[in-house]
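Just below is one structure, and these are the notes that go with it.
In what follows, chains are A, B, ... by sequence order, proteins preceding strands, each numbered from 1.
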2 protein chains.
Amino acid sequence: MLDECKALSNETRLRILDWLKDPEANFACGDTAELGVCAGLIQLKAGTSASTVSAHLAVLQRAGFLRATRRGQWIYYRRDEARIRAFTETLHRSL
Amino acid sequence: MLDECKALSNETRLRILDWLKDPEANFACGDTAELGVCAGLIQLKAGTSASTVSAHLAVLQRAGFLRATRRGQWIYYRRDEARIRAFTETLHRSL
DNA sequence: TCGGTATTTCGCTTATTGCCGAAACTATCC
DNA sequence: GGATAGTTTCGGCAATAAGCGAAATACCGA
């Protein structure tokens, strides 16, 4: 609960989560349905350094909101809808 | 949304919100039904300095989760259930 | 008005977070 | 194997958050 809230306490991370709700619309790359979006594209859209965006992605992943898949030299990130829903429901129940 | 999440990103603040769900059970003082619990009792329970707990209460109030009422020399704090519910529902809808 | 209690504000120190560039790691292509 | 591209890790610096004690403010009762 604490870690999840901390993960959501940053503008850039909130935007990343939002962008990944519709990868096709927000990133100029097809074939994102299953895998998600690679880190480089997220970095471009966020407009920060690679290391910074990597740290953000790690925080979101540790909180359980994102899942990562390596495919060749790319690492693709996508939302974990089940975990996100579980969190919002837990919050609704216990806050 | 950001401010609300930041307000929840602290162990002590989460505990305060939880305690205030049942003031009678968590604080040794009757008559809390309408007004809530005064800052001093919250400070005692939290085990930190008065200034620290005052800052936490201010953060929770700014986020909309708490309402304060002055009664004489005491300031009573209680949850704003409507705002809390509104927040969790917004989060569920937009996250 | 004075003295006492409750709470907040101020000034300061320490801890955490956010950001960057450089270096390291991983995989591809030749 | 060597060069190249994508991503993460490391080391350091700036900004924000969290904590405290002392001082200021607010209210009450005598």
Side-chain angles (χ1 to χ4, degrees), chain A residues 1-20 23 27-32 35-63 65-78, chain B residues 1-17 19-20 23 27-32 35-78:
Chain A
M1 183 105 145
L2 229 189
D3 286 337
E4 286 95 334
C5 289
K6 283 186 182 177
L8 299 179
S9 297
N10 177 276
E11 185 70 46
T12 301
R13 287 196 292 267
L14 284 178
R15 278 195 303 224
I16 291 174
L17 279 177
D18 191 59
W19 293 335
L20 290 176
F27 301 92
C29 84
D31 196 23
T32 64
L35 284 174
V37 179
C38 68
L41 287 182
I42 299 173
Q43 182 210 332
L44 275 183
K45 185 118 179 163
T48 67
S49 73
S51 52
T52 296
V53 97
S54 174
H56 284 319
L57 292 170
V59 170
L60 289 170
Q61 198 179 355
R62 271 196 298 277
F65 297 141
L66 293 188
R67 297 181 63 84
T69 310
R70 164 149 248 152
R71 208 63 129 215
Q73 61 193 139
W74 293 280
I75 301 180
Y76 294 91
Y77 288 89
R78 66 187 185 284
Chain B
M1 183 108 147
L2 228 188
D3 286 337
E4 285 95 334
C5 289
K6 283 187 182 176
L8 299 178
S9 297
N10 178 276
E11 186 70 45
T12 301
R13 287 195 295 265
L14 284 178
R15 278 194 305 224
I16 292 174
L17 279 178
W19 294 333
L20 290 177
F27 300 92
C29 85
D31 196 24
T32 63
L35 284 175
V37 179
C38 69
L41 288 182
I42 299 174
Q43 182 210 332
L44 274 183
K45 185 121 182 161
T48 67
S49 72
S51 52
T52 296
V53 98
S54 174
H56 284 319
L57 292 171
V59 169
L60 288 170
Q61 199 179 357
R62 269 196 300 277
F65 297 140
L66 293 187
R67 297 181 63 84
T69 310
R70 164 149 248 152
R71 208 62 128 217
Q73 60 194 140
W74 295 279
I75 301 180
Y76 294 91
Y77 288 90
R78 65 187 185 284

Any protein N or O atoms within reach of nucleotides 27-30 of chain C? Criterion: under 3.5 Å, listing atom names and distances.
none

How far does [atom1] of [X] sit from [atom2] of [Y], to the nearest 0.5 angstrom?
{"X": "B/Lys6", "Y": "B/Arg13", "atom1": "NZ", "atom2": "CZ", "value": "10.5 Å"}
{"X": "A/Asp3", "Y": "A/Arg62", "atom1": "CG", "atom2": "CZ", "value": "8.5 Å"}
{"X": "A/Cys5", "Y": "B/Glu4", "atom1": "SG", "atom2": "CD", "value": "11.0 Å"}
{"X": "A/Leu60", "Y": "A/Tyr77", "atom1": "CG", "atom2": "OH", "value": "10.0 Å"}
{"X": "A/Leu20", "Y": "A/Tyr76", "atom1": "CG", "atom2": "OH", "value": "13.5 Å"}

Within this structure, what is the [atom1]-to-[atom2] distance between [X] and [N], rounded to whole angstrom?
{"X": "A/Ile75", "N": "C/dT26", "atom1": "CD1", "atom2": "C1'", "result": "8 Å"}
{"X": "B/Ile42", "N": "C/dT7", "atom1": "CD1", "atom2": "C1'", "result": "12 Å"}
{"X": "A/Leu66", "N": "D/dT8", "atom1": "CG", "atom2": "P", "result": "11 Å"}
{"X": "B/Glu11", "N": "D/dG19", "atom1": "CD", "atom2": "P", "result": "11 Å"}
{"X": "B/Leu2", "N": "D/dT16", "atom1": "CG", "atom2": "P", "result": "13 Å"}
{"X": "B/Leu8", "N": "D/dA17", "atom1": "CG", "atom2": "P", "result": "14 Å"}
{"X": "A/Tyr76", "N": "D/dT8", "atom1": "OH", "atom2": "P", "result": "13 Å"}
{"X": "B/Arg62", "N": "C/dT9", "atom1": "CZ", "atom2": "P", "result": "9 Å"}

**Request:** For the pair A/Gln61 (side chain) and A/Ala58 (backbone), establish whether a donor and an acceptor sit closer than 3.5 Å, ignoring hydrogens and angles.
**Result:** no
**Request:** Please answer whether the main-chain N or O of B/Gly72 pairs with a side-chain N or O of B/Arg70 as donor and acceptor at a distance below 3.5 Å.
**Result:** yes
**Asked** How does each nucleotide of nucleotides 10-25 of chain C score, in 5' to 3' order, for protein heavy atoms under 4.0 Å: base (B), sugar-phosphate only (S), or none (-)?
**Response** -------SSBBB----
**Request:** State, with a plain yes or no, whether a side-chain heavy atom of B/Arg15 is found less than 4.5 Å away from one of B/Thr12.
**Result:** yes
**Prompt:** Does B/Tyr77 place a side-chain N or O at less than 4.0 Å from the phosphate oxygens OP1/OP2 of C/dT8?
**Reply:** yes
**Prompt:** How about A/Arg67: does its CZ atom have over 12 heavy atoms from other parts shown lying under 6.0 Å from it?
**Reply:** no
